[in-house]
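The block underneath contains the structure these notes are about, expressed in structure tokens.
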Amino acid sequence: MLSKKTKYAIKALVVLGKNLSQPPMQIARIAEEEHIPKKFLEQILLDLRNAGYLYSKKGAGGGYSLNKNPEDIYLVDILRITDGPIAMVPCASLKFYHKCEECHDEVTCGIRKAFIDVRDASLKVLSETSIANIIEREKLPA
């Protein structure tokens with residue numbers, strides 16, 4: 001399941017993507033518009049800034065803006081920043097791999113093989129979906 005941290009990060013990136021031509025947005029405004037607890041949002045935005053996705057400006061007229069185009073911000077990267085591994089089991093992870101403690105033989109493990117397939121399918125969708133895609137999807141009827 002998608003964590004609140006990841007969901008809020010995506011929501012914040014979407015609102016910033018919709019306001020590209022505007023001055024930087026203050027945290028309080030993003031929090032209010034997207035119904036995100038302000039303190040939690042502060043940490044999320046800091047993580048995204050440290051990862052190079054956001055620009056922050058202090059002082060009057062300060063706030064956050066995207067440091068990349070919405071077309072260049074993919075969900076796979078945001079998930080890894082906010083939640084870590086995409087894989088549901090550690091032995092199937094590409095970037096956060098480690099052997100499962102209870103596994104006897106990783107090579108023949110059916111669970112691992114199934115969850116590698118799940119990981120690959122998830123990676124395909126997440127690697128092809130950008131913040132710009134999310135913004136476009138919001139314009140379409142349900």
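None of the values given here were measured: they were computed from a predicted structure.
Atom CG of Leu48 and atom OG of Ser56 lie 11.5 Å apart (nearest 0.5 Å). To the nearest 0.5 Å, atom CG of residue Leu66 and atom CG of residue Leu13 are 6.0 Å apart. Taking CD1 of Ile116 as the start and CG of Leu123 as the end, the distance is 11.5 Å to the nearest 0.5 Å. Here the CD1 atom belonging to Ile134 is positioned 7.5 Å from the CD atom belonging to Glu138, to the nearest 0.5 angstrom. The distance from atom CG of Leu94 to atom CZ of Arg119, rounded to the nearest 0.5 Å, is 4.0 Å.
For Lys99, the NZ atom sits in a packed shell: over 12 heavy atoms of surrounding residues, nucleotides or ligands are nearer than 6.0 Å. Glu32 CD: 12 or fewer foreign heavy atoms inside a 6.0 Å radius. Atom NZ of Lys7 has 12 or fewer heavy atoms from other residues, nucleotides or ligands within 6.0 Å. Residue Gln26 places its CD atom among 12 or fewer non-hydrogen atoms of other residues, nucleotides or ligands, all under 6.0 Å distant.
Here the closest non-hydrogen pair linking Arg29 and Asn19 is NH2-OD1, 3.8 Å. Leu41 and Ala12 make their closest contact through CD1-CB, 4.0 Å (heavy atoms, listed as atom of the first residue, atom of the second, distance). Looking at every heavy atom in both residues, Lys5 comes nearest to Thr82 through CD-O, 3.6 Å.
Judged as a salt bridge (charged side-chain N to carboxylate O under 4.0 Å, His left out), and not counting sequence neighbours, Glu71 has no contacts. Under the rule for a side chain to side chain contact (heavy atoms under 4.5 Å, CB included), the partners of Asp72 that lie at least two apart in sequence or sit in another chain are Asn69.
Every pair passing ring pair (Phe, Tyr, Trp, His ring centres under 6.0 Å) that includes a residue from residues 4-43 is listed here, sequence neighbours excluded: Tyr8-Phe40.
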